[in-house]
K.L.:
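To start, I am sharing the structure in question, which I have written as structure tokens.
Since the structure is predicted, the reported quantities are computational estimates derived from the model, not experimental observations. As the structure lists them, so they are numbered: ligands from 1, and atoms in each ligand from 1. Every heavy atom of this structure was used, including side-chain atoms; hydrogens, water molecules and symmetry mates were not. For this chain, numbers begin at 1 and follow the sequence in order.
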Amino acid sequence: MKYLTAGESHGKGLAAILEGFPSGVSIDCNELNAELKRRMLGYGRGGRMKIESDEAEILSGMFGSVTLGSPLAFFIKNRDFEKWREYTDPVSGTPAAKALTAVRPGHADLTGCVKYGFNDARFVLERASARETAARVGVGALCKQLLKSLGITVGSHVLEICGERSDANPKSAIGLNELADADPVRCLSASASKKMREKIDECMRKGDTAGGEIEVLASGMPAGVGSYVHYERKLDGILAKHVMSVQSVKSVSVGAGRAVASKFGSQIHDEIFPTEDGEYKRETNNAGGIEGGMSNGENIVLRACVKPIPTLMKGLNTVDIASGKATKSAPERSDYCAVPAAAVVIENVVAFVLLNELLKATGADDFDTLFKRVNEMRERKIK
Ligand code: EPS
């Protein structure tokens, strides 16, 4: 599969085309829209999320909610466009009145202007905005529905916001989102959640922003997805590339992640034991479900750190690209903390990768063949 997204944050809306999705999959559009709504939640969002009510209008790729194997296209309307039309209408808009020249450190603003030869960062930020992740979640939500019918569940939770850390260590993705979604910052520890919200309150008071760390788990992946034979086929490499491409992500780790740097091999590698029925098992999962670039049948466990949003109400030292003079960066309306939403986005990005690699491993184009071949993978034995 592959997908493209299009759309500006305050333009008409976002579009996505997902190519290569199998035929014969029943899609629940309510569930797809519920996934879009999950991304909009989280303590610390700004005023924009009160304006939007994301819904995907499916344009192609299914009849009667069953996929055809042809490209799936959908559109998510930006409700805020009504207020921005005069500036951002793709045909008649006159953006000059909304020019942003006090470029924000940490944002794409300055380098985007240099790269494309713009003198107004509005031309950059509208596309660099994390609004684009709504389209990625739509794509991932379609993938998640198919994964679910193959017995594969993907979930996420928030591990840290601005130094406040949760000690939760969920052992399965099954039921994980139900627990995380019940908390305002998608944190499984009530005491850590309270401290995280206090940090976000501090951001709101001081005009600052907060980053954090999230964890994604996928349960039910058969062993052998990805490959050790070539760098481009390694599952961890592919996951890292996709997750790293999500706005604000600065690090991605698999399993024990950076802890491997301080341990002996005997403390890190997941030892393998025979079971009574002639199979084998591991009792730990420091590998995060991936060995040699392949899923090993354990939970896939991946973490990502997201930086604090670069739009600070109190501003940062910068240069006004119109005057060349020192100034404070522009205090655009934005979120104080988007870490809970980032968890939902990354979970959906992971769902796309897992399904895509599963399709490559099985060579299936339709649901029935995929279902059969995934089960064959699960039953595969060493000769
Ligand atoms: C964003 C700034 C804010 C966020 C936006 C991402 O939007 P606005 O400038 O309209 O207040 O709310 O995120 C979304 C709109 C979204 O759907 O997640 C930015 O600059 O990246």
K.L.:
Tell me the protein heavy atom at minimum distance from atom 9 (O) of ligand 1, and give that distance in Å.
P.N.:
Arg333 O, 3.1 Å

K.L.:
Give the single entry among Ser334, Pro310, Ala128, Gly46 that approaches atom 2 (C) of ligand 1 most closely by any heavy atom.
P.N.:
Ser334

K.L.:
Taking 4.0 angstrom as the limit, do Glu31 and Lys144 come out as a salt bridge?
P.N.:
no

K.L.:
Suppose we measure from atom 21 (O) of ligand 1 to each protein heavy atom; which comes out shortest, and what is that distance?
P.N.:
Ala130 N, 3.1 Å

K.L.:
Would you call Arg131-Asp54 a salt bridge at under 4.0 Å N-O?
P.N.:
yes

K.L.:
Quick one: does any side-chain atom of Ser149 pair with a main-chain N or O of Leu146 as donor and acceptor, under 3.5 Å?
P.N.:
yes

K.L.:
What protein heavy atom is closest to atom 13 (O) of ligand 1, reported as residue, atom name and distance in Å?
P.N.:
Arg45 NH2, 3.8 Å

K.L.:
Name the closest protein heavy atom to atom 19 (C) of ligand 1, giving the residue it belongs to and the distance to 0.1 Å.
P.N.:
Ser129 OG, 3.5 Å

K.L.:
Could a heavy atom of Asp335 be found less than 4.0 Å from some atom of ligand 1?
P.N.:
yes

K.L.:
Should His10 be counted as touching ligand 1, given the test is an N or O pair under 3.5 Å?
P.N.:
yes

K.L.:
Based purely on interatomic distance, does Met49 place a nitrogen or oxygen under 3.5 Å from a nitrogen or oxygen of ligand 1?
P.N.:
no

K.L.:
Tell me which protein heavy atom sits closest to atom 20 (O) of ligand 1, plus the residue, atom name and distance to 0.1 Å.
P.N.:
His107 NE2, 4.0 Å

K.L.:
Distance from Ile27 atom CD1 to Ile58 atom CD1, nearest 0.5 Å?
P.N.:
7.5 Å

K.L.:
May I ask whether Ile238 and Val301 are part of the same hydrophobic cluster, defined by side-chain heavy atoms of I, L, V, M, F, W, Y residues being less than 4.5 angstrom apart, directly or through others?
P.N.:
no

K.L.:
Would you check the N or O atoms of Ser9, main chain and side chain alike, for any that come under 3.5 Å of an N or O of ligand 1?
P.N.:
no

K.L.:
Between the candidates Arg127, Glu126, Arg48, Arg39, which shows the shortest non-hydrogen contact distance to atom 7 (O) of ligand 1?
P.N.:
Arg48

K.L.:
Examine Arg131 against ligand 1 and note whether any of their N/O atoms are separated by less than 3.5 Å.
P.N.:
yes

K.L.:
Sub-3.5 Å donor-acceptor pair from the side chain of Ser92 to the main-chain atoms of Asp89, do we have one?
P.N.:
no

K.L.:
So, Asp366 side chain and Thr369 main chain: donor-acceptor pair closer than 3.5 Å or not?
P.N.:
yes

K.L.:
Could you check whether His10 and Tyr87 have their ring centres less than 6.0 Å apart?
P.N.:
no

